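All ligand and atom numbering here is 1-based and tracks the order in the structure. Predicted model, so just to flag it, every value in this text is computed and none were measured.
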Amino acid sequence: MTKYESFRKGGTKDDPIVPGKPEESYLITVLTATTKIRMPPMDTGDALKKEEIAVLEQWIKEGGKLDTALTPKSDLPKELRIRWVPPAPKAVYTAPIEVTSLAFTPDNAKVVVAGNHELTVWDVAGAKLEKPH
Ligand code: HEM
């Protein structure tokens with residue numbers, strides 16, 4: 001299911017959505033099922049959250065269309081990676097965060113600090129090294 005084309009083609013069943021009709025769409029049937037047809041399968045994890053299923057229902061209600069920038073053959077995981085915007089680092093932390101690693105740039109002008117899923121770059125040119133205690 002990495003291409004819209006193959007998603008709409010279906011597998012053993014037909015097209016998993018009926019555009020405009022979430023209540024008739026097999027996709028919603030499997031997501032909301034309480035029997036073994038549930039997706040994701042019972043033994044692989046929890047059901048999607050109500051809010052997540054609601055997004056899919058709304059999408060089907062609106063016609064289950066593909067974004068205009070894409071074609072039915074577009075590689076969707078790849079397109080998602082292109083569009084993914086990493087969360088912006090916080091301007092201010094309300095609690096200390098763990099620094100997992102740090103490194104100087106080769107010219108010693110900057111320090112790159114890793115922690116909390118982000119890298120921050122600190123300009124340390126001109127900073128004086130204190131004498132070791
Ligand atoms: C939210 C995530 C998932 C969704 C929306 C989803 C959706 C679907 C749908 C619509 C079908 C029917 C396809 C057809 O035959 O036409 C299906 C079948 C299937 N899915 Fe999923 N699935 C999900 C997660 C998973 C996961 C995590 C696994 C495995 C670890 C899995 C394994 C399977 C298998 C084996 C089938 C064929 C079952 C059968 O025909 O009896 N699915 N899935």
Closest to atom 19 (C) of ligand 1 among M39, M1, K36 (heavy-atom distance): M39
Do the side-chain N and O atoms of D14 and Y26 include a donor-acceptor pair separated by under 3.5 angstrom? no
If you define the side chain from C-beta out and look only at heavy atoms, does anything of P19 sit under 4.5 Å from R8? yes
Shortest protein contact, atom 28 (C) of ligand 1 (heavy atom only): P41 CD, 3.4 Å
Can you check atom 33 (C) of ligand 1: any protein non-hydrogen atom closer than 4.0 Å? yes
Exercise check, heavy-atom protein proximity under 4.0 Å to atom 12 (C) of ligand 1: yes
Return yes when at least one protein heavy atom is under 4.0 Å from atom 43 (N) of ligand 1, and no when none is. yes
Taking S101 for the side chain and A114 for the main chain, is one N or O donor matched with an acceptor at less than 3.5 Å? no
Should the pair E5-K9 be classified as a salt bridge under the 4.0 Å nitrogen-to-oxygen rule? no
Applying a 4.0 Å heavy-atom criterion (strictly less than), which segment of I37 is in contact with ligand 1: side chain, backbone, both, or neither? neither
Any idea which protein heavy atom is nearest atom 24 (C) of ligand 1, and the distance to it? P40 CA, 3.7 Å
Considering both backbone and side-chain atoms of G11, is one of its nitrogen or oxygen atoms within less than 3.5 Å of a nitrogen or oxygen in ligand 1? yes
Determine, using the 4.5 Å side-chain heavy-atom cutoff (strictly less than), whether V124 and V113 are members of one ILVMFWY cluster. yes
Quick note on ligand 1: atoms under 4.0 Å from a heavy atom of Y26 include exactly 12 (C)
Just going by heavy-atom distances, which of I53, T44, T12, L48 is nearest to atom 15 (O) of ligand 1? T12
Per-atom filter on ligand 1: closer than 4.0 angstrom to a heavy atom of L27 are 5 (C)
Stepwise side chain to side chain contact (heavy atoms under 4.5 Å, CB included) check, W59 with I17: CA-CA 10 Å; W59 173 69; I17 66 166; 4.0 Å; yes
When you measure from atom 10 (C) of ligand 1 to every protein heavy atom, which one gives the shortest distance, and what is it? V30 CG2, 4.0 Å
Check this for me: does any side-chain nitrogen of one of K110 and D123 sit under 4.0 Å from a carboxylate oxygen of the other? no
Minimum-distance pair of heavy atoms, taken over all atoms of T34 and M42: O-CE, 3.3 Å
Answer yes or no: does an N/O atom from K13 fall short of 3.5 Å to an N/O atom of ligand 1? yes
Please check this pair: side chain of T71 against backbone of K73, looking for a donor-acceptor N/O pair closer than 3.5 Å. yes
